[in-house]
Participant: 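Take this structure, written in structure tokens, and hold onto it; I'll ask about it next.
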Amino acid sequence: MSGSSTVFPLLTVTAALPAAGAILTAAVPAARRTAAKWLALLVSLGTAVLAALVAVRFEPDGARYQLTESHAWIEDFGVRYELGVDGIGVALIALTALLIPFIVLAGWHDADPLETRSRRWRPTQGFFALILMVEAMVILSFAATDVFLFYILFEAMLIPMYFLIGGFGDRAHTGSDENAAAQRSYAAVKFLLYNLVGGLIMLAAVIGLYVVAGNFSLTEIAEARASGSLEMATETERLLFLGFFFAFAVKAPLWPLHTWLPNAMGEATAPVAVLITAVVDKVGTFAMLRFCLQLFPEASKWATPVIIVLALISIVYGALLAVGQRDIKRLVAYASISHFGFIVMGIFAMTSQGQSGATLYMVNHGISTAALMLVAGFLITRRGSRLIADYGGVQKVAPVLAGTFLVGGLATLSLPGLAPFVSEFLVLVGTFARYPVAGIIATTGIVLAALYTLVLYQRTMTGPVKEEVRAMPDLKARELVVVAPLIALLLFLGVYPKPLTEIVDPAVRHTMSDVQQKDPRPEVEAAK
């Protein structure tokens, strides 16, 4: 295991706290719903403190993997409980721990009892317990350095997510209760089937990797490959790479494996939609950096041209579909598909700017999407509709809500001065340096993002006040506590991204070394 080990298992404790909190929250008596909410919130805040401690203890210029832990697990098969974080893992653990308290607060009333013909009780305790369980699994995923351990977590997080989508759907549904339940069930099953198929293909690749390498340790396999003591046949490496990449592309989601996301985000509550796209989906793009590039460097370079094309299709296709959406939440979902295309393109541009930008994009997209989707959720709860056409003139009756919605939207289109601009700029610069045509095509995503964001704001917030929104209240104290810190972070990281880049850049240099790539030198015409 590379890097110094730690006596105190900080990474395990950081993941164990929300896992234990999930069990305790689920055990709270049914009549004590408010106690369950406060318990979940306190646990999520405690996890955020531990994640901050992980970031503080991490030394960017130190060993590649730090705070490492290694314990025997299934010795007969060479499976170990191995954890360790690099700068990319630290940034994403911090993002996860940061967002969960806001998700809990935003969903404070989303699982309250609701009397309907088809559903008489919403298990509040289960809702918050499932959120905490997802948090625990995602944190461990970002820290796992045993391939089999990562696979178990990669698949296990599907179970609580399935119940969050299928069991706690959005109340703002235009059809009957029976139709709403059917739509939720369809979205949950589609989410599960897509990701299970990807996971089964990955399982075959994990077994193949064990047959070739004799163990599941990421660090040992990577070191053996770098030293030349472990060689893979070209065809074997490519097949194993494709098995891993397919699963990660489903999770990411990358075109054409993306179709589950609009259904899942559309039918889930707004906080769960944020959990999907801002937290869980980042496991897919993170794994491309940690596992695909590190374990299969030659295959990664072999597949790069095709992956760049798929990423470009995701960018343009997702943005075009976002322009034509009538549903607010599905618009944000298709916008996220476009943004994930930028992330994947940055990863496989094989430049330090591109990979640093992709990592920053994961963090900044999480924050900006959380801000936009949560405010959209507050808006939808007030009106009881997800359709854009049902709104108009909101800024005149709820100016704070409209203002925060605008900032979240401007962040989505990567306005300079807001956090996503830095990451998108780095991805485009890094891509253009090696693939100039791809970099030029990708800029169309920026133009389309401005179109769907500003049109969404214009149609919902400006114009005459519709009668149905005339009595709409502005953001309340709890909602302001959710939104204000996210807006502040977007502004802070937009003008001062150094705290993130200092942590991420050394890890990116290691990844560039894994694939034996150097940044292209700019061609400057000699002065005559």
Side-chain angles (χ1 to χ4, degrees), residues 98-99 101-103 105-109 172 269-271 273-274 277-278 322-323 325 327-329 331-333 335-336 339 363-422 424 446 449-496:
L98 169 74
L99 291 181
F102 299 125
I103 289 173
L105 266 179
W108 201 252
H109 298 299
T269 64
V274 171
T277 191
V323 170
Q325 287 304 304
D327 184 309
I328 297 174
K329 292 169 69 177
L331 185 152
V332 178
S336 291
H339 296 149
V363 176
N364 294 333
H365 171 265
I367 299 171
S368 62
T369 299
L372 180 61
M373 179 60 86
L374 293 179
V375 176
F378 298 148
L379 177 70
I380 291 167
T381 299
R382 284 159 164 74
R383 174 65 178 84
S385 173
R386 307 195 312 243
L387 298 179
I388 296 172
D390 289 341
Y391 296 88
V394 174
Q395 68 179 11
K396 296 177 182 178
V397 297
V400 177
L401 188 154
T404 53
F405 189 81
L406 177 61
V407 175
L410 293 177
T412 298
L413 63 83
S414 299
L415 184 76
L418 297 174
F421 169 76
V422 179
E424 194 165 283
I446 301 175
L451 179 61
Y452 62 69
T453 300
L454 296 178
V455 168
L456 171 65
Y457 183 84
Q458 183 267 329
R459 291 179 178 175
T460 56
M461 301 296 165
T462 65
V465 180
K466 289 202 171 184
E467 190 62 34
E468 294 82 358
V469 304
R470 192 171 298 279
M472 181 177 290
D474 213 335
L475 292 183
K476 300 175 182 178
R478 173 181 59 85
E479 296 165 335
L480 284 171
V481 170
V482 171
V483 176
L486 296 174
I487 299 298
L489 269 175
L490 289 173
L491 292 169
F492 175 76
L493 294 176
V495 298
Y496 190 67

Participant: Side chains of Val465 and Val469, heavy atoms from C-beta outward: is any pair under 4.5 Å?
Facilitator: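 Heavy-atom side-chain distance check passes, below 4.5 Å.
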
Participant: Looking at every heavy atom in both Ala449 and Thr453, which two are closest together, and how far apart are they?
Facilitator: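 Shortest heavy-atom separation between Ala449 and Thr453 comes out as O-OG1, 2.8 Å.
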
Participant: So, do Met461 and Leu401 sit near enough that their side-chain heavy atoms are less than 4.5 Å apart?
Facilitator: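 Yes; the side chains approach each other to less than 4.5 Å.
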
Participant: Would you check if the side chain of Arg383 reaches a backbone N or O of Met472 as a donor-acceptor pair within less than 3.5 Å?
Facilitator: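 No: the side chain of Arg383 does not pair with the backbone of Met472.
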
Participant: Can a donor-acceptor pair be found, under 3.5 Å and without considering hydrogens, that links the side chain of Lys466 to the backbone of Ala389?
Facilitator: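 Pair found, side chain donor or acceptor close to backbone of Ala389.
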
Participant: Could you tell me if the side chain of Phe405 sits less than 4.5 Å from the side chain of Val394, heavy atoms only?
Facilitator: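 No; the side chains remain at least 4.5 Å from each other.
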
Participant: Where is the tightest heavy-atom contact between Leu490 and Pro420, given as atom of each residue plus distance?
Facilitator: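 Taking every non-hydrogen atom into account, CD2-CD, 4.1 Å.
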
Participant: Kindly indicate, with the supporting measurements, whether the criterion side chain to side chain contact (heavy atoms under 4.5 Å, CB included) is fulfilled by Ile388 and Leu331.
Facilitator: CA-CA 10 Å; Ile388 296 172; Leu331 185 152; 4.2 Å; yes

Participant: Please give me the minimum heavy-atom distance between Ala419 and Leu493, naming the atom from each residue.
Facilitator: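 So the two residues come closest at CB-CB, 3.7 Å.
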
Participant: For the backbone of Leu105 and the side chain of Arg478, can you confirm whether one donor and one acceptor N or O come within less than 3.5 Å of each other?
Facilitator: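 Here the side-chain-to-backbone pair exists.
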
Participant: With the side chain counted from C-beta on, respond yes when Phe102 and Leu486 share a heavy-atom pair under 4.5 Å apart, and no when they do not.
Facilitator: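 Touching, per the 4.5 Å side-chain cut-off.
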
Participant: With a cut-off of 6.0 Å (strictly less than), are more than 12 heavy atoms of other residues, nucleotides or ligands near CZ of Arg459?
Facilitator: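 Count not over threshold, so no.
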
Participant: Between Asp390 and Ser385 (side chain of the first, backbone of the second, donor and acceptor by atom type, cut-off under 3.5 Å), is there such a pair?
Facilitator: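 Judged by distance alone, no pair lies under 3.5 Å.
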
Participant: Can you see which heavy atom on Ala335 is nearest to which on Tyr452, and at what distance?
Facilitator: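 So the two residues come closest at CB-OH, 3.4 Å.
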
Participant: For residues 368-380, dump all side-chain donor-acceptor pairs below 3.5 Å to protein atoms at least two apart in sequence or in another chain.
Facilitator:
residue, atom, partner, partner atom, Å
Ser368, OG, Asn364, O, 3.0
Ser368, OG, His365, O, 3.3
Thr369, OG1, His365, O, 2.9
Thr369, OG1, His365, NE2, 3.0

Participant: Which of these passes side chain to side chain contact (heavy atoms under 4.5 Å, CB included) with Leu456: Thr412, Val323, Leu451, Ile328?
Facilitator: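 Between Leu456 and the candidates, side chain to side chain contact (heavy atoms under 4.5 Å, CB included) is satisfied uniquely by Ile328.
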
Participant: Mind listing the closest non-hydrogen atom pair of Glu424 and Ser414 along with its distance?
Facilitator: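 What the structure gives for the nearest pair is OE1-OG, 3.0 Å.
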
Participant: Would you say Gln395 and Tyr457 make side-chain contact, with heavy atoms under 4.5 Å?
Facilitator: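 Yes, close enough: below the 4.5 Å cut-off.
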
Participant: Check Glu479 against Leu475 and note the closest heavy-atom contact, atom names and distance.
Facilitator: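 Scanning both residues completely, I find the closest heavy atoms to be OE1-CA, 3.4 Å.
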
